[in-house]
Every structure is written in C-alpha cells, then in structure tokens.
2 protein chains.
Amino acid sequence: MTSTMGTRERRRSEVTAALLAAAKRELARTGAAGLSVRAVARDMDMAPSALFRYISGRDELLTLLIVDAYSRLGEHVEAVERAVPRSDLRGRWRAIATSFRGWAVANPHEYALLYGSPVPEYKAPAERTNPSGTRVTNLLAALGMEDATPPPRPSIPHMPDAAELRALAVAADVPTMDGDRLAAGLLAWTALVGAVSSELFEQLGEPVARLDTLFDATVALGEWLLFGSPRDESA
Amino acid sequence: MTSTMGTRERRRSEVTAALLAAAKRELARTGAAGLSVRAVARDMDMAPSALFRYISGRDELLTLLIVDAYSRLGEHVEAVERAVPRSDLRGRWRAIATSFRGWAVANPHEYALLYGSPVPEYKAPAERTNPSGTRVTNLLAALGMEDATPPPRPSIPHMPDAAELRALAVAADVPTMDGDRLAAGLLAWTALVGAVSSELFEQLGEPVARLDTLFDATVALGEWLLFGSPRDESA
DNA sequence: CAATATCGAGAACACTGTTCGCACATCAGT
DNA sequence: ACTGATGTGCGAACAGTGTTCTCGATATTG
C-alpha cells in the first residue's frame, strides 16, 4: 500500500534507528545498569520527553537492546559456523564456541546484558527475545540432530540415567532428540557460558594470559561431551 | 587497652551493624542495581546524610555487601563440606557443588552480586574481597591436594597438552599443583558456575522441574573431571 | 482550506547519591 | 567540673534520574 513513505513515516523510522544507535553507543559505554534515557536524548540532541514518543519507557529500551544484541550475536556466530564444512561437526562446535567467546570479549556490556545478572524490576518479554535469543543454541541443537552416529554415552559415575535425561528432553522443546545427546549439549552449553562469564566478569584471579588455555580446555571438554573420543568413532 | 567500649564506640558498632543488616535486607529485596542508600536510611529511621558518617558512599556499601555475601557463602559451603568424611573426596566435591547451588537459589540477589555481571563504574577492591572470595575455591584446591592418586588425565581430544596446563598452574597462585589437576578443577568450577548462573538467570527456557537433573549431570561431570571413573581407581 | 493526528519541547514531580553547615552529645585534659 | 576538641545526626541543597503533561508547531487527510 504505502509504496513510498511520507515524510512523517520516513522521519519516524529515521529517529527510531537513531534512537537505537544512540542507545547502543550508550550501552557499550556505560553498561546496562548505567543506561540513562536522558543521556541517550542528549546524544541525539533531543529533549528526554520526546523519546517517549518512540519508546514506552526505559524497559522497552532495554528490550530493544536485548533483542538487538541477541541478533548481532546470533548473526556473528552463525556466520562463523557457516564457513565450516557441514560434515565437520566437531569443527562446527569449535566455531560456535570460539565465535561466541570472541563476540563476548568484543562486546562485554552486551554479553553482560544477555548472560549476566538480570536487570532488577525488569523481566524481558519472552515473546520478543525468544526468536533471536535461541539462535545460537539452535545451532547447537542442529549439530546434535545431524550427528548420525549414536551418542557415545560416556561412562561418568553418578550421571543421571537415560530415563531422567530423556525426561529432560521432553521438558525442553526438543522432543525428537534423545536424552543423552540433549544432556551433552546442555552441559557443553552451560560450561561454555560459565567459562566465558568467569573470564569476562573476572572471577578467576590474575592469570589473564592463560585464559586462552582454560577456554581451549572448555572447548575440548564440550567437544568430547558432544562427540566423544575420536577412537570411539573408529570402533 | 580499651577493655570496655565507651558509649560512643558502642553506639558506632551498633549503628554499623544495623546499617549492614538493613543493606542486606534491601539487597535481598531489590537486588544490587536497585540498592538505594536512601531506602536503607529509611529502613533505619535515619536521615540519608547520616549514613555517610559510616560509609564513604554507595560503593563502599556494595563492598561491604560483597564481603559479607562471600563470607556467608563460604561459611555455608564449608559447613556442609566439613560434615563429609575426609576420605570421601568425591562426596566432598558433591557437597561443595550442591551446597553452592543451594545457597545460590536461596540467595539469588547475593549470588548475582558475586557471580553475575559486575556493577558498572564500580570495581571491588581485591584486597578486601579476596580473603572471603576464595574460600570456596580454596576448598576445591584442598580437594585436589589431598588426592594422592595421580590425576586420571582423561583422553579428551584437542585438550591442551600438559605443558600448557602446567603454565596455567604457574600463572595462578597454586604452583604446587600439577597442571592436569588444576585444569580439571578450573573446568569443574567454571562448569558449576555456568550451570548455576544459567539456572538462576533463567537462560534455559522453561523446564524448571528438570533443572535438578541438569545440575546432577553437571555435578557428575565435575566429579569425573576431578577423579575419573571408578574403574580407573581399581586399575 | 479545515480538521486531525503526530511530534518536539519545556516544565514539573518524585525519586536518587552526595555535600555542607549547623546544632548537640560525648570525649579528653586540666 | 569546666573547656576545647571530636564525633554524630539532621535539614537543606545541588545535580542527576525516569516519567507525565501540556502546548504550540507541523504534516497528513478529508
């Protein structure tokens, strides 16, 4: 219908874009908790009250930033993963993990917004964050689906038995995946998030230079969880 | 020298204690980012300006809360771990992990303050947080030291080799521990933090009931990283 | 052109952290 | 016991925040 936008419509989308850009700058500068509507307004040379024509309040500003950050993270990880040959499942996992970490260290405040402590008095609306928020975990799920070989089921003592893990699969939205594989994916994922968070939030003491090694170990652990030892495949 | 406290000294320690108690209540209610000096003052029936006789500002209030939270977490985990027979190393690990998670779910805001995204514009002074902040990881380190059997060195592909892991040990402040064991401990620790954070910050979707199972799997993984499979011991 | 919807700005309100000056209570020394 | 010094609480004030409301200007529509 509206093949050409009227000046009003055009200006509105322009201002909306500028608003989001300014908010992203502000987020990258001071972090989520320090994000100020007035500072964003100053950055845009607008009165603070004018911004309320475009956002309902600070909460929606946060929601916009969360969705945007999820999207950019997903875009980044997907692009890196796509460059790996589809048959190299282990390489694809490593690409996901390393690109995830790379984006996190390049965008620490955005990472904190997504995977750090939630902002109090604010609950992100799932219907808006879910589509972009699950992109990277979806990559992991796809990885598990494409792996034709039966999951290695490593012999780990006290590991919950297959029935419990299967129940885990039912509760999540991946009913077609067997429990062992889903558990392996979840373990690899939470371990990855824990390693990146511990590194970024500086909870491990001083050895900054060696964080690479620790991360490599995490990636190797995840790979082993997902695909087992190489000799298992030759067997 | 001052065997008895003068009324001034007494009152000061009383007010300090009440201040910390009120701040803890406020933290448990609204979280770290929503912590308000004025709200604490209201809770104590004092003028906001009066609090500045006891704290230098909001940052020191945060520091106090961080140290206190670390201490209580350490106390809790240490108490639970102490109840396990010293010879049951695996049981001690499980006690550490489960009590860590138990305290986290019971004190989510405190946990977020310690292991979530750091508060912007605020850097916790390491000389004050370190003593209490390393109590639980020290338990883990002690666990590794007491284990006489050589580390199992599980065959994980792409795991950094022994030399790199040893370098990791040198960089950290545990030079007497061999690299494999330290790497295993760090991996178990970051995986634990990742699992608890993912659960508490609700980044895993809906299956709330099954989070226990996922956590059990994380504990089992950590146990395997630290001590290997039981049959390895019989060999 | 007239009616209407949208927009930006400014003032205002209720908050926040923090500083300052002023009364008052307690202390140390003679 | 009196005095000077020190610690303590308070009210006012300043700069900053999120948000609401009104009001004039402007663009769209009939």
Side-chain angles (χ1 to χ4, degrees), chain A residues 1-20 22-23 25-27 29-66 113 119-124, chain B residues 1-20 22-23 25-27 29-66 113 119-124:
Chain A
M1 298 306 154
T2 63
S3 62
T4 69
M5 286 194 292
T7 76
R8 210 154 220 181
E9 220 171 334
R10 161 185 281 101
R11 170 150 184 84
R12 173 157 254 278
S13 66
E14 282 177 2
V15 173
T16 304
L19 172 53
L20 201 136
R25 275 193 299 271
E26 193 69 8
L27 172 64
R29 213 167 49 82
T30 64
L35 194 141
S36 152
V37 175
R38 293 184 112 104
V40 174
R42 275 192 297 271
D43 196 77
M44 305 174 59
D45 283 311
M46 282 182 66
S49 56
L51 296 195
F52 285 76
R53 301 276 179 203
Y54 301 88
I55 52 171
S56 68
R58 189 169 157 264
D59 285 7
E60 187 176 345
L61 198 53
L62 277 180
T63 304
L64 283 170
L65 288 172
I66 289 176
L113 180 61
V119 179
E121 311 290 354
Y122 166 75
K123 199 76 213 75
Chain B
M1 299 311 152
T2 64
S3 61
T4 69
M5 285 194 294
T7 76
R8 214 155 217 182
E9 220 173 332
R10 163 185 281 102
R11 170 149 186 83
R12 174 157 253 278
S13 66
E14 282 176 3
V15 172
T16 304
L19 172 53
L20 199 132
R25 275 193 298 273
E26 193 69 9
L27 171 65
R29 216 166 47 83
T30 64
L35 194 141
S36 152
V37 176
R38 292 185 112 104
V40 174
R42 275 194 295 272
D43 196 77
M44 304 174 60
D45 284 311
M46 283 181 67
S49 55
L51 296 195
F52 286 76
R53 301 279 180 201
Y54 299 89
I55 53 171
S56 68
R58 188 170 157 266
D59 285 7
E60 188 175 345
L61 199 53
L62 277 181
T63 304
L64 255 68
L65 287 172
I66 289 176
L113 180 61
V119 180
E121 309 291 354
Y122 167 74
K123 199 77 211 77

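Every chain is numbered from 1, with letters handed out A, B, ... down the list of sequences.
- Here the closest heavy-atom approach between residue A/Ile66 and residue A/Ala124 is recorded as CD1-CB, 4.2 Å.
- The heavy-atom pair separating A/Val37 from A/Leu51 by the smallest distance is O-CD1, 3.7 Å.
- Taking atom CE of residue A/Met44 and atom C1' of nucleotide C/dA9, one finds them 14 Å apart after rounding to whole Å.
- Note on B/Ile55: nothing from the nucleic acid sits closer than 4.0 angstrom, heavy atoms only.
- At a threshold of 4.0 angstrom between heavy atoms, the contacts of A/Leu51 with the nucleic acid are absent.
- Taking atom CZ on A/Phe52 and atom P on C/dA9, their separation rounds to 14 Å, with Å as the unit.
- Residues B/Val37 and B/Thr7 each lie close to DNA chain C; by heavy-atom proximity, the contact nearer the 5' end of the strand is made by B/Val37.
- Across all their heavy atoms, B/Arg58 and B/Leu35 have their closest contact at NE-O, 3.4 Å.
- The base of C/dG17 has none of its N or O atoms less than 3.5 Å from a complementary donor or acceptor on the side chain of B/Arg58.
- Of the two residues contacting DNA chain D, namely A/Arg53 and A/Leu35, the nearest-nucleotide position lying further toward the 5' end is that of A/Leu35.
- When side chains are defined from C-beta on, A/Leu64 does not count as touching A/Leu19, because their heavy atoms never get closer than 4.5 Å.
- Among the heavy atoms of the strands lying under 4.0 Å from A/Arg42 are primed sugar atoms or P, OP1, OP2 only; no base atom is included.
- If you measure from atom OH of B/Tyr54 to atom P of D/dC10, you get 10 Å, rounded to the nearest angstrom.
- Salt bridge absent: A/Glu9 and A/Arg12 never bring a charged side-chain N and a carboxylate O closer than 4.0 Å.
- Taking atom CG of residue A/Asp45 and atom P of nucleotide C/dG8, one finds them 13 Å apart after rounding to whole Å.
- Atom-to-atom, CG of A/Leu19 to P of C/dC7 comes out at 13 Å; the value is rounded to the nearest Å.
- For B/Glu14 and C/dT26, the CD to P distance is 13 Å, given to the nearest whole Å.
- For the pair A/Ser49 and B/Arg11, nearest-nucleotide mapping onto DNA chain D gives the more 5' position to B/Arg11.
- No donor-acceptor contact under 3.5 Å links the side chain of A/Arg38 to the base of D/dG16.
- Rounded to an integer number of Å, the gap from B/Glu9 CD to C/dC27 C1' is 11 Å.
- Contact of B/Arg12 with D/dG7 (side chain to base): no donor-acceptor pair of N or O atoms is detected under 3.5 Å.
- For B/Arg8 against D/dG7, a side-chain N or O and a base N or O form a donor-acceptor pair under 3.5 Å.
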